[in-house]
J.: 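Here you go, one structure.
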Amino acid sequence: MFRIGCGAGFSGDRVDAPRSVVAAIAAAGSGGALIFETLGERTLALGHIARRQDPSKGYEPLLEEFLEPILAQCVTAGITIVGNFGQANPPAAAKAIQSIADRLGLGALRIAIVCGDDLTGKIDLDATERWEGDSRLPEIDGEIIAINAYIGAAPIAEAIKAGAQIVVTGRVADPALALGPLVAHFGWDWADLDRMAAGTLVGHLLECGSQVTGGFFADPGRKDVPDTANIGFPIAEVEADGSFVITKAEGTGGLVDLRTVKEQLLYEIHDPASYLTPDVTLDITGVQLSQLGPDRVQVSGARGHAAPECLKATVGFYGDWLGEAEISYAGPNALARARLAVTTINERILRRGLALRHRADIIGTVSAFDSDEGDLLFDYSDTGAGDYRVRFAFASANQRDVERAAQEVNALYCCGPAGGGGVRQSVRPRVRTLSHLVPRHLVHPSFSFAGGTP
Amino acid sequence: MNATVQVTKLHTIAHGRSGDKGNRLNVNIIAFDEKHWPVLRDQVTAERVAELFAHRGVTEVRRYELAQLHALNFVIEDALEGGVNSSLAIDTHGKCLSYLVLGMDVQVQDEMVTGTPPGAEMQKVP
């Protein structure tokens with residue numbers, strides 16, 4: 001049996017979470033792996049911008065905080081760390097990790113760097129197809145920051161087989177973070193598609209951290225979760241046949257049951273018979289779950305089909321400017337005054353001829369569910385009183401127009417409805433992303449050891 | 001005696017989570033108890049979900065059934081106002097949107113569906 005835990009489900013996750021995971025795997029006494037998934041579509045583009053500004057940056061900003069508390073125990077207990085925390089600059093991340101090891105007196109670690117995902121300047125996007133899910137989005141109309149392909153588990157597995165204690169990657173398919181260590185441990189054959197599917201499913205369930213152990217799940221009275229302030233992150237106990245149990249460390253909060261596993265099983269899945277990854281097409285339509293005991297759910301029945309011919313690549317490019325401005329209305333007739341603020345700003349933008357996209361939300365009514373056009377905004381019934389925050393959002397390639405629109409919201413202080421207060425405004429540049437499909441033969445994943453370690 | 005029919009929110013018999021990839025939203029809807037699976041299967045249709053999101057310019061809703069999990073998965077195209085990097089919405093990921101679906105009315109026969117949902121007994125907060 002092989003244990004894999006997850007230390008982070010996104011960039012910005014709880015930095016104290018990995019401790020209980022590592023302690024539990026170490027206590028079991030037979031080594032294992034710890035994965036960190038800290039790379040979203042937007043995070044990667046931001047990493048590239050950070051690296052441009054400072055060649056020593058561009059990796060996960062919380063890297064040191066994630067690793068410092070657990071690095072020594074992982075090394076001692078034979079727990080391999082695999083993370084896409086290299087983001088846009090895996091070599092710099094490897095250097096930072098060795099610095100932590102030096103501070104902790106751990107000596108030179110075998111840190112592998114996976115590369116080959118960064119296609120920036122190496123491919124002709126016009127010769128590739130756009131990923132169907134983004135097919136109706138506008139064309140790329142800003143300077144391209146980066147192109148990164150989702151690569152598979154092979155370089156991770158090879159690095160671990162070659163003795164890596166830590167594997168630093170940039171963009172890889174999230175489940176590959178788990179599949180790599182599993183292939184290295186069990187020696188699974190890449191052509192054994194059901195094993196590839198099982199390992200991919202392990203990764204899919206682990207990759208979002210506590211989302212499978214009671215995070216993003218609590219709904220008081222319907223779905224109660226114990227000790228949400230100390231939710232334990234997941235550990236998968238994987239057998240050689242690919243079946244596995246999802247659990248978490250004893251003494252932590254959260255829960256693992258059929259409901260938490262089902263929600264995560266289908267999270268960001270489209271066709272359940274055909275979840276595309278670089279390593280395999282995962283079919284979860286026959287997956288069986290069974291609760292073996294408290295916080296222990298067994299998962300089996302993943303099936304694999306041939307991997308797709310193309311890899312998905314994320315294209316990050318400079319986008320437009322986003323302005324946000326807010327103002328509050330409270331007490332008798334608050335909703336009517338909030339609506340008047342909306343129509344006033346709409347009219348002001350027209351009169352000033354500002355060319356921008358805009359929307360208004362009245363927070364306290366239907367802001368989260370509404371469309372940009374505000375279809376639901378004026379149908380919501382007025383209770384006669386309340387505490388509403390009006391939030392305006394503006395976007396344009398023209399920074400000055402966005403600033404002018406935000407300034408119009410500020411002007412509601414004097415020129416708007418009665419009793420408006422608490423204006424806050426911000427204007428910032430946006431990074432945008434689109435996905436393209438890149439033929440595999442254009443992508444060459446590989447790994448090397450940092451610092452020339454043989 | 002005739003069967004009685006009660007109208008309730010989907011939220012009382014089901015749970016779910018939404019996720020995004022680009023401008024594509026997925027929402028899974030899962031019955032707490034297998035006895036309510038037919039309610040989901042028969043009443044929570046792709047057409048009704050498309051209606052809920054019509055004002056957001058949805059172009060297509062595909063529904064997948066996972067009977068052994070008592071779960072439905074909806075793939076909803078163009079519901080995210082351009083996606084996380086270009087939306088003007090507060091919730092650019094659409095993480096709130098599973099609850100738009102869970103607010104849907106469904107008809108349940110012969111029972112009260114208030115109180116603690118089945119399957120939660122093991123997880124009571126101590």
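No experiment lies behind these values; they were computed from the predicted model shown. The chains referred to below are lettered A, B, ... by the order of the sequence lines, with proteins before strands, and numbering in each begins at 1.
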J.: Does any heavy atom of chain B fall under 4.5 Å from the side chain of Asp372(A), the backbone, both, or neither of them?
T.: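 Both parts, backbone and side chain.
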J.: What are the two closest heavy atoms between Ile145(A) and Ala45(A), and how far apart are they?
T.: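 Smallest heavy-atom distance, with atoms named: CG2-O, 4.0 Å.
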J.: Is it true that Glu373(A) and Arg56(B) have a side-chain N and a carboxylate O under 4.0 angstrom from each other?
T.: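 Salt bridge absent between Glu373(A) and Arg56(B).
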J.: Pick one of side chain, backbone, both or neither for Asn23(B), based on which atoms fall under 4.5 Å of a heavy atom in chain A.
T.: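 Backbone plus side chain of Asn23(B), per the 4.5 Å heavy-atom cut-off to chain A.
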J.: Do the side chains of Arg130(A) and Glu139(A) get close enough for a salt bridge, i.e. N-O under 4.0 angstrom?
T.: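 Salt bridge flag = yes for Glu139(A) with Arg130(A).
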J.: State, without any angle test, whether Tyr150(A) and Asp174(A) hold a side-chain donor-acceptor pair at a distance under 3.5 Å.
T.: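 Distance-only check fails for Tyr150(A) and Asp174(A).
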J.: Measuring only between side-chain heavy atoms, which start at C-beta, is Lys35(B) closer than 4.5 Å to Trp37(B)?
T.: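 The answer is no; the side chains never approach within 4.5 Å.
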J.: Which of the residues Ile29(B), Leu97(B), Leu69(B), Leu25(B) is involved in the greatest number of heavy-atom pairs with chain A at under 4.5 angstrom?
T.: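 Winner by heavy-atom pair count: Leu69(B).
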J.: If you count heavy-atom pairs within less than 4.5 Å of chain A, which of Asp20(B), Leu52(B), Asn85(B) leads?
T.: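 With the most close heavy-atom pairs to chain A, the winner is Asn85(B).
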J.: Sort Glu41(A) into side chain, backbone, both or neither according to what part of it lies under 4.5 angstrom from a heavy atom of chain B.
T.: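 For Glu41(A), side-chain heavy atoms alone lie under 4.5 Å from chain B.
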J.: Name the option with the most non-hydrogen atom pairs under 4.5 Å to chain A; the candidates are Ser86(B), Gly22(B), Gly19(B).
T.: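 Most heavy-atom pairs under 4.5 Å with chain A: Ser86(B).
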J.: Looking at chain B, which one of Ala393(A), Ala368(A), Gly286(A), Pro272(A) has the largest number of heavy-atom pairs inside 4.5 Å, strictly under?
T.: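 Top count of heavy-atom pairs under 4.5 Å with chain B: Pro272(A).
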J.: Where on Phe53(B) is there a heavy atom nearer than 4.5 Å to chain A: the side chain, the backbone, both, or neither?
T.: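 Nothing of Phe53(B), per the 4.5 Å heavy-atom cut-off to chain A.
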J.: Heavy-atom cut-off 4.5 Å, strictly under: side chain, backbone, both or neither for Thr59(B) against chain A?
T.: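 Contact with chain A: side chain only.
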J.: At what distance, to the nearest 0.5 angstrom, does CD of Glu268(A) lie from CG of Asn73(B)?
T.: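 Between atom CD of Glu268(A) and atom CG of Asn73(B) there are 11.0 Å.
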J.: Could you tell me which portion of Ser435(A) (side chain, backbone, both or neither) has an atom closer than 4.5 angstrom to a non-hydrogen atom of chain B?
T.: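 No part of Ser435(A) comes within 4.5 Å of chain B.
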J.: In terms of heavy-atom pairs under 4.5 Å, which option from Phe369(A), Trp131(A), Phe216(A) contacts chain B the most?
T.: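 Greatest number of close heavy-atom pairs with chain B: Phe369(A).
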J.: Quick one: what part of Leu376(A) sits under 4.5 Å from any heavy atom of chain B, side chain, backbone, both or neither?
T.: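 The answer is the side chain of Leu376(A).
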J.: Just do the salt bridge (charged side-chain N to carboxylate O under 4.0 Å, His left out) check on Glu326(A) and Arg424(A) with the steps written out, would you?
T.: CA-CA 5 Å; Glu326(A) 299 181 354; Arg424(A) 302 277 187 281; over 6 Å; no
J.: If I measure from the heavy atoms of chain B, does Arg432(A) come under 4.5 Å with its side chain, its backbone, both, or neither?
T.: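 Its backbone and side chain both get close to chain B.
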J.: Where on Glu324(A) is there a heavy atom nearer than 4.5 Å to chain B: the side chain, the backbone, both, or neither?
T.: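 For Glu324(A), neither part sits under 4.5 Å from chain B.
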J.: Below 4.5 Å from any heavy atom of chain A, which atoms of Ile30(B) appear? Answer side chain, backbone, both or neither.
T.: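 When you check distances to chain A, only side chain atoms of Ile30(B) fall under 4.5 Å.
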J.: So, Arg222(A) versus His15(B): side-chain donor-acceptor pair below 3.5 Å or not?
T.: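 Their side chains do not contain a donor-acceptor pair, so the 3.5 Å distance test is not met.
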J.: Under 6.0 Å from the CZ atom of Arg430(A), do we count more than 12 heavy atoms belonging to anything else shown?
T.: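 More than 12 within 6.0 Å, yes.
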J.: Which atoms of Gln68(B) come close to chain A, meaning under 4.5 Å heavy atom to heavy atom: side chain ones, backbone ones, both, or neither?
T.: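 Interface part for Gln68(B): side chain.
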J.: For the candidates Cys96(B), Ala89(B), Gly94(B), which exhibits the highest count of non-hydrogen atom pairs separated by less than 4.5 Å from chain A?
T.: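 Of the candidates given, the most pairs with chain A belong to Ala89(B).
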J.: Given heavy-atom pairs under 4.5 angstrom as the criterion, report whether the side chain, backbone, both or neither of Arg42(A) touches chain B.
T.: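 The answer is both parts of Arg42(A).
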J.: For Glu60(B), look at atom CD and say whether over 12 heavy atoms of other residues, nucleotides or ligands are found less than 6.0 Å away.
T.: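 More than 12 heavy atoms, drawn from other residues, nucleotides or ligands, come within 6.0 Å of this atom.
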J.: Relative to chain A, which of Asp91(B), Val84(B), Asp78(B) shows the most heavy atom pairs under 4.5 Å?
T.: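 So the answer, after comparing Asp91(B), Val84(B), Asp78(B), is Asp78(B).
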J.: Give the member of Val27(B), Asn28(B), Val75(B) that has the highest number of heavy-atom pairs under 4.5 Å with chain A.
T.: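 If we count pairs closer than 4.5 Å to chain A, Asn28(B) comes out on top.
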J.: Before you tell me yes or no, could you show the steps for His358(A) and Phe392(A) under ring-ring contact (aromatic ring centres under 6.0 Å, His included), namely the whole-Å CA-CA distance, both residues' side-chain angles and the distance that decides it to 0.1 Å?
T.: CA-CA 7 Å; His358(A) 77 289; Phe392(A) 298 91; 8.1 Å; no
J.: Please classify the contact of Asp320(A) with chain B as side chain, backbone, both or neither, using a heavy-atom distance under 4.5 Å.
T.: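 For Asp320(A), there is no contact with chain B at all, as no heavy atom is under 4.5 Å.
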J.: Could you tell me whether a side-chain N or O of Arg63(B) sits under 3.5 Å from a main-chain N or O of Arg41(B), the two making a donor and an acceptor?
T.: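 Confirmed, Arg63(B) side chain pairs with Arg41(B) backbone.
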J.: Does Asp257(A) offer a backbone N or O that forms a donor-acceptor pair with the side chain of Thr260(A) under 3.5 Å?
T.: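 Yes.
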J.: Have His11(B) and Asp219(A) got a donor and an acceptor in their side chains that come within less than 3.5 Å?
T.: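 Yes, a side-chain donor-acceptor pair sits under 3.5 Å.
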J.: Quick one: does Val342(A)'s side chain get under 4.5 Å of Ile362(A)'s, heavy atoms only?
T.: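 Val342(A) vs Ile362(A): side chains touch.
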J.: Given heavy-atom pairs under 4.5 angstrom as the criterion, report whether the side chain, backbone, both or neither of Leu265(A) touches chain B.
T.: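 When you check distances to chain B, only side chain atoms of Leu265(A) fall under 4.5 Å.
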J.: Which atoms of Leu66(B) come close to chain A, meaning under 4.5 Å heavy atom to heavy atom: side chain ones, backbone ones, both, or neither?
T.: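 Side chain only.
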J.: What residue in Leu289(A), Thr285(A), Asp370(A) has the most heavy-atom pairs under 4.5 Å with chain B?
T.: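 Of the options given, most contacts go to Asp370(A).
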J.: Using heavy-atom distances under 4.5 Å, tell me whether Leu322(A) contacts chain B through its side chain, its backbone, both, or neither.
T.: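 Looking at Leu322(A), just its side chain touches chain B.
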